[in-house]
Amino acid sequence: MLKITLPDGSVREVAPGTTPADIAAAIGPGLAKAAIAARVDGELRDIMRPLEQDAALALVTAKDEADALELARHDFAHVLAEAVQHLFPGTQITFGPSTDDGFYYDFAPSADRGPFTDDDLPAIEAEMRRIIAADKPLIRKEIDRETLIAQWQAAGETFKAEWAAELPGDEPLTVYHSGDGWYDMCRGPHLASTGRLNPDAFKLTRVSGAYWRGDQKNAMLSRITGTGWLNKKQLAEHLTRLEEAAKRDHRKLGAEMDLFHLQQEAHGSVFWHPKGYLIWRQLEAYMRRAIDDAGYREVKTPQVMDARQWEISGHWGKYRENMFVIPDEVPNVEDEGPLVSDDADWMALKPMNCPAHVLIFRQGIKSYRDLPMRLYENGCCHRNEPHGALHGLMRVRQFTQDDAHIFCREDQIVEEVRAFCALADRIYKDFGFTYSIKLALRPEKRFGSEEMWDKAENELRDAVAAAGLNTPDYGWEELPGEGAFYAPKLEWHLTDAIGRTWQVGTIQSDRVLPERLDASYVGEDGARHRPVMLHRAIFGSYERFIGILIEHYAGRFPLWLAPVQAVVATIVSDADDYAAEVLTKLRAAGIRAEADIRNEKINYKVREHSLAKVPNLLVVGRREAEEGKVALRVLGSDGQTFLSLDEVISRLANEVRSPDMY
RNA sequence: GCUGCUGUAGCUCAGUGGUAGAGCGCGUCAUUGGUAAUGACGAGGUCGGGAGUUCAAUCCUCCCCAGCAGCACCA
């Protein structure tokens with residue numbers, strides 16, 4: 001007999017081969033119905049999988065939401081695969097996991113049919129519902145590896161055969177059969193039967209391409225993605241969340257609020273409109289105050305440099321596919337012949353600012369007394385990004401980084417990184433972000449010795465500890481293998497108002513570039529030494545950061561960033577003169593204000609400026625004009641307050657200050 | 001770059017093998033109205049670009065470009 005310990009501490013003796021489902025049934029019919037899986041010694045398992053030894057057993061029900069969702073999503077993927085193979089014989093199955101909000105399955109469609117399209121989804125959904133309604137048992141079986149590979153090959157499932165052959169270990173593999181002979185190789189666990197899924201809790205959302213095993217060199221598979229939940233309500237809530245996120249889309253709000261636009265003649269580069277550029281200028285001014293205080297000095301470096309310089313820095317060899325290159329000669333103006341000669345010299349638009357900053361450092365002889373030297377640049381970079389990667393402001397081909405390089409001695413690294421952590425902390429909090437910090441450790445392909453990496457990683461660890469940020473509150477985590485090829489890096493991941501995360505800030509120590517560009521300083525000993533170079537950014541790029549801010553604030557910028565901080569709206573034209581007076585005073589107080597004296601009803605004006613997300617609406621009619629007051633309506637509130645003009649001015653003048661000016 | 005989808009007025013979208021329509025916006029006129037849409041009239045597009053099929057293409061076919069969703073990429 002086996003001794004099975006339940007969560008309440010009680011022990012049941014059962015015969016070997018008893019399943020968790022049997023035990024649930026023995027406890028009570030309610031539990032038997034609710035139990036969907038089991039945790040056996042902590043491991044999530046099928047409820048129908050026989051117990052073979054003494055174990056601690058906990059039955060899993062829908063109340064264990066994380067487990068229940070994981071099981072359901074995994075099963076949805078399984079049902080999706082079966083449905084597709086029913087409907088489209090000849091389609092090969094490959095791989096289909098659960099995801100954060102659902103599941104997907106990658107298929108290799110038959111050659112004559114080609115990839116799936118959106119039009120196929122309704123039929124597939126219907127077939128999935130049929131399979132769920134059929135309530136087919138999902139039966140786990142162990143199968144000898146060679147047998148399975150032979151079966152897959154016989155069935156023409158070459159991807160599965162490849163996968164099975166390469167799975168590590170030599171123990172038997174597991175497959176899950178669903179009723180009528182269909183099966184997929186899968187570690188499991190699964191629900192006991194397809195009928196455990198809620199047919200109204202999933203939706204196929206898209207088809208797309210995906211490379212086999214995530215490698216561009218491999219075949220392009222056809223991926224069908226769905227979202228899956230435990231019940232209809234959860235699905236509806238999820239769809240609502242997606243709609244809410246879509247409302248914040250910076251591309252949509254950017255157009256509606258007249259902040260910027262993109263067009264195909266300059267795809268990947270932004271046309272900033274006056275209101276959008278106003279936000280940019282606020283951020284720029286804010287950042288300049290911050291870096292001035294922190295002991296940086298601002299520089300400006302060339303947009304175009306000779307290809308030979310990029311060869312020396314290593315970019316020509318490692319990064320050229322992302323660079324825009326320019327012939328260093330007068331283009332051929334004749335109708336005939338090539339635009340440039342075969343032996344043209346080449347220049348390139350800078351994709352990064354770091355080499356230029358080293359070149360500034362190298363001018364003249366630097367002493368240890370000059371260190372740390374912190375050079376900051378609003379550096380406009382161009383990168384020839386793959387077209388499919390471009391996305392609004394988030395991924396562009398021309399962008400401006402808040403980029404700085406700190407040249408310092410080895411013994412200054414920890415303090416410099418610590419100070420940067422403090423600076424970043426203050427800045428992110430000013431924008432209302434929380435964040436987590438990750439340390440990306442040495443990747444497989446890397447330069448430098450193990451000793452150098454040990455040292456570099458420890459320096460960053462020490463600095464984060466010195467800043468007090470290596471705690472769970474700051475999501476402190478180390479990411480093995482994620483570092484740059486020349487250095488480990490610290491990454492700041494912001495969490496926005498609706499819980500999404502964005503990687504923006506970074507600092508990384510670099511001993512490679514100073515070497516390549518032969519940067520040196522004279523030490524106390526009179527000898528030449530290599531400085532270490534810390535690459536760092538807080539916004540990352542102005543473009544992307546503004547994109548993130550638009551979505552974070554849903555377009556309702558805090559007052560100091562709002563392009564238009566107040567609108568004076570008249571009710572009757574008799575108040576026009578007074579409105580002009582109010583406008584003048586607002587502007588004199590440094591408030592970005594406009595007047596709306598159009599011949600429109602006040603309802604119309606309120607609606608329009610509210611939709612335009614103007615933070616303060618100052619309504620003036622005859623009464624206000626006579627009494628020297630305004631009716632202040634603050635965005636997001638229903639009512640209005642009547643204040644004297646002086647009160648409103650002093651109140652707004654106080655509120656429009658940026659957070660670092662308090 | 002790869003797979004799929006999309007591309008009609010400033011915006012959102014409808015539509016048809018016989019050279020296009022709505023709402024909003026815009027303009028003009030009337031209206032001076034107290035906190036989320038006053039009314040009337042009017043202007044505005046050759047239907048992403050190129051080629052082909054056809055008597056005839058915005059609509060069908062092909063190529064190109066861009067956008068969108070993923071994948072890959074992201075110093």
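Just so you know, these numbers use all the heavy atoms, side chains as well, and skip hydrogens, waters and symmetry mates. Chain identifiers are assigned alphabetically (A, B, ...) following the order of the sequence lines, protein sequences preceding nucleic acid strands; residue numbering begins at 1 within each chain.
As the counterpart of G67(B), C5(B) is assigned, both hydrogen-bonding distances of the Watson-Crick or G-U wobble pattern falling under 3.5 Å. Nucleotide G45(B) forms no Watson-Crick or G-U wobble pair with any nucleotide shown, as no partner meets the under 3.5 Å limit on both distances. If you check U35(B) for Watson-Crick or wobble pairing at under 3.5 angstrom, you find it has no partner at all. Across all strands shown, G52(B) pairs with C60(B); the Watson-Crick or G-U wobble distances both stay below 3.5 Å. G17(B) makes up no base pair with any nucleotide shown, lacking Watson-Crick or G-U wobble contacts both under 3.5 Å. Base pairing of C24(B): its partner is G10(B), meeting the Watson-Crick or G-U wobble criterion (both donor-acceptor distances under 3.5 Å).
Within the 4.0 angstrom heavy-atom criterion, base atoms lie near Glu600(A). Nucleic acid contact for Gln503(A): none, since no nucleic acid atom lies under 4.0 Å from a heavy atom of the residue. Contact annotation for Phe116(A): backbone-only contact, meaning every heavy-atom pair under 4.0 Å involves sugar-phosphate atoms and none involves a base. Residue Arg544(A) is out of contact with every strand shown, counting any heavy-atom pair closer than 4.0 Å. At the heavy-atom level, Leu262(A) lies nowhere under 4.0 Å from the strands shown. At the heavy-atom level, Gly214(A) lies under 4.0 Å from the strands shown only through sugar-phosphate atoms. Among the atoms of the strands shown, none is found under 4.0 Å from any heavy atom of Ala569(A).
A36(B) atom C1' lies 6 Å from atom CZ of Arg607(A), rounded to whole Å. Rounded to whole Å, atom P of U3(B) lies 22 Å from atom OH of Tyr105(A). Separating the NE2 atom of His273(A) from the C1' atom of G10(B) is a distance of 11 Å, rounded to the nearest angstrom. For the pair Arg213(A) CZ and C71(B) P, the interatomic distance rounds to 18 Å; values are reported in whole Å. Regarding Lys601(A), its NZ atom lies at a distance of 11 Å from the P atom of U35(B), rounded to whole Å. One atom, CG of Asp403(A), and another, C1' of A75(B), lie 11 Å apart when rounded to the nearest Å. Separating the NE2 atom of His535(A) from the C1' atom of A75(B) is a distance of 9 Å, rounded to the nearest angstrom. When the C1' atom of G1(B) is taken as reference, atom CD of Glu321(A) falls 10 Å away, rounded to whole Å.
On the P atoms, U6(B) is 11 Å away from U61(B), given to the nearest whole Å. G48(B) sits 25 Å from C55(B) when the P atoms are compared, rounded to a whole Å. Taking the C1' atoms as reference points, U53(B) lies 23 Å from C65(B), given to the whole Å. Distance check on atom P: C47(B) versus A9(B) gives 10 Å, rounded to whole Å. Comparing the C1' positions of U58(B) and G42(B) gives an interatomic distance of 26 Å, to the nearest angstrom. Spacing of P atoms, A75(B) relative to G50(B), comes out at 40 Å, to the nearest Å. When the P atom is used for both C71(B) and G15(B), the distance is 32 Å, rounded to whole Å. Taking atom C1' in both A20(B) and U46(B), one finds a spacing of 9 Å when rounded to whole Å.
Which of G33(B), U32(B), C68(B) sits closest to the side chain of Ser573(A) comes down to U32(B). Comparing G67(B), U35(B), G1(B) by their closest approach to the side chain of Gln216(A) singles out G1(B). Nearest to the side-chain atoms of Pro115(A) among the listed nucleotides G1(B), G34(B), U3(B) stands U3(B). Distances from the side chain of Tyr319(A) to the nucleotides C5(B), A75(B), U35(B) place A75(B) closest. If you check C74(B), A69(B), G4(B) against the side chain of Arg395(A), the one that comes closest is C74(B). The side chain of Val572(A) approaches G33(B) more closely than any other nucleotide in the set G33(B), A69(B), G4(B). Nearest to the side-chain atoms of Arg223(A) among the listed nucleotides C71(B), A66(B), A36(B) stands C71(B). Side-chain atoms of Tyr604(A) lie closest to A37(B) of the nucleotides U32(B), C5(B), A37(B). Here the nucleotide nearest the side chain of Pro386(A), chosen from G70(B), G1(B), U35(B), is G1(B). Distances from the side chain of Phe399(A) to the nucleotides G1(B), A36(B), A75(B) place A75(B) closest.
A salt bridge between Glu377(A) and Lys350(A) is present, with a side-chain N of the basic residue lying under 4.0 Å from a carboxylate O of the acidic one. Under a 4.0 Å N-O distance rule, the pair Glu608(A)/Arg598(A) qualifies as a salt bridge. Salt-bridge check for Lys252(A) with Glu256(A): passed, with a basic side-chain N closer than 4.0 Å to an acidic carboxylate O. Ion pairing between Glu515(A) and Arg530(A) holds under the 4.0 Å rule for side-chain N and carboxylate O. Note on Lys203(A) versus Glu125(A): no salt bridge recorded, every NZ/NE/NH1/NH2 to OD/OE distance being 4.0 Å or above. Ionic pairing of Arg213(A) and Glu166(A) is present here: one or more N-O contacts between side-chain nitrogen and carboxylate oxygen are shorter than 4.0 angstrom.
Side-chain nitrogen and oxygen atoms of His391(A) include at least one within less than 4.0 Å of the OP1 or OP2 phosphate oxygen of A69(B). Close to A37(B), at under 4.0 Å from its OP1 or OP2, lies no side-chain N or O of Arg598(A). Note on Asn603(A): a side-chain N or O is less than 4.0 Å away from OP1 or OP2 of A36(B). Taking 4.0 angstrom as the limit, His387(A) places a side-chain polar atom (N or O) nearer than this to OP1 or OP2 of A66(B).
Within 3.5 Å, no donor on the side chain of Ser222(A) pairs with an acceptor on the base of U3(B), nor the reverse. Not a single donor-acceptor contact under 3.5 angstrom links the side-chain atoms of Tyr211(A) to the base of G70(B). Side-chain to base pairing of Arg383(A) with C73(B): no donor and acceptor N or O lie closer than 3.5 Å to each other. Under 3.5 Å, the side chain of Gln508(A) and the base of A75(B) form no donor-acceptor pair of N or O atoms. For Arg206(A) against A69(B), no side-chain N or O and base N or O form a donor-acceptor pair under 3.5 Å. For Glu624(A) against G34(B), a side-chain N or O and a base N or O form a donor-acceptor pair under 3.5 Å.
Projected onto RNA chain B by closest heavy-atom contact, Ala484(A) and Ala631(A) fall at different nucleotides, the more 5' of which corresponds to Ala631(A). Nearer to the 5' terminus of RNA chain B, by closest-nucleotide assignment, is the contact made by Gly388(A) (compared with the other of Gly388(A) and Leu635(A)).
Both tests pass for Arg223(A) against the ring of Tyr104(A): distance under 6.0 Å to the centre and angle within 45° of the axis.
Residues Lys605(A) and Thr570(A) bring a donor and an acceptor atom of their side chains to less than 3.5 Å of each other. Residues Gln92(A) and Thr158(A) have side chains that bring a donor and an acceptor to within less than 3.5 angstrom of each other.
Two rings, from Phe159(A) and Trp212(A), have their centers less than 6.0 Å apart.
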